[in-house]
Amino acid sequence: MEHPLIGDISQLSLEDLSTKLAELNRKLTIAQRTGNAHVCNQLRMAIESFQTRYQVKLKETQKNGSAEVNFDHMINIE
């Protein structure tokens with residue numbers, strides 16, 4: 001089930017979606033440690049919304065044959 005309070009996330013890039021998913025998963029871990037079941041449920045719905053959009057965006061990218069690669073964030077080993 002998608003979270004009803006999340007706005008339009010269709011314009012986010014794959015990188016933005018991935019960053020948001022990592023942030024939500026960290027928050028879910030904290031909520032699980034504190035035993036707050038209601039917050040856990042809300043976070044799981046939000047995570048599902050972002051994961052669904054991430055998968056759609058990934059399929060669109062693969063279908064178009066263009067990869068969203070941002071070389072600015074690659075590790076520089078010297």
Side-chain angles (χ1 to χ4, degrees):
M1 172 182 237
E2 292 194 8
H3 198 286
L5 299 178
I6 292 179
D8 183 26
I9 58 174
S10 63
Q11 300 302 320
L12 295 176
S13 68
L14 285 173
E15 184 179 333
D16 293 337
L17 291 167
S18 178
T19 301
K20 189 65 174 176
L21 280 167
E23 177 186 336
L24 289 170
N25 279 310
R26 281 192 302 273
K27 290 179 179 182
L28 178 59
T29 301
I30 293 168
Q32 287 172 333
R33 286 184 192 157
T34 60
N36 195 335
H38 295 295
V39 173
C40 289
N41 290 335
Q42 292 295 315
L43 287 168
R44 284 187 188 106
M45 282 196 300
I47 288 169
E48 183 179 347
S49 297
F50 279 91
Q51 284 177 333
T52 301
R53 185 61 200 156
Y54 183 87
Q55 291 300 321
V56 168
K57 187 82 166 183
L58 187 61
K59 286 179 184 177
E60 287 174 358
T61 302
Q62 291 172 346
K63 182 180 176 184
N64 294 336
S66 63
E68 275 188 28
V69 178
N70 188 349
F71 292 105
D72 294 335
H73 298 321
M74 297 192 82
I75 299 172
N76 184 12
I77 301 175
E78 294 180 5

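Not measured: the values here are computed from a predicted model.
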hydrophobic_cluster_shared for L43 and I6, side chain cutoff 4.5 Å: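 Yes, I6 and L43 fall within the same hydrophobic cluster.
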When clusters are formed by joining ILVMFWY residues with side-chain heavy atoms under 4.5 Å apart, either directly or through shared neighbours, do L21 and L58 land in the same one?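 The answer is yes; both residues are in one hydrophobic cluster.
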Distance from [X] atom [atom1] to [Y] atom [atom2], nearest 0.5 Å?
X   : Y   : atom1 : atom2 : answer
N41 : L28 : CG    : CG    : 9.5 Å
Q55 : T52 : CD    : OG1   : 8.0 Å
E15 : Y54 : CD    : OH    : 10.0 Å
L12 : L17 : CG    : CG    : 5.0 Å

Could you name each residue pair satisfying side chain to side chain donor-acceptor pair (under 3.5 Å) that touches residues 16-27, not counting sequence neighbours?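 Listed once each, the pairs are S13-D16, E23-K27.
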Identify, with sequence neighbours excluded, every residue that meets side-chain hydrogen bond (donor to acceptor under 3.5 Å, both in side chains) alongside Q42.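 If we apply the side-chain hydrogen bond (donor to acceptor under 3.5 Å, both in side chains) test to Q42, skipping adjacent residues, the hits are H3.
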Determine whether E60 and K63 make a side-chain contact, defined as any pair of heavy atoms from C-beta on separated by less than 4.5 Å.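 With C-beta onward as the side chain, the pair stays apart.
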Of all residues at least two apart in sequence or in a different chain, which pass the side-chain contact (heavy atoms from CB on, under 4.5 Å) check with S10?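 For S10 the side-chain contact (heavy atoms from CB on, under 4.5 Å) partners, ignoring immediate neighbours, are D8, R53.
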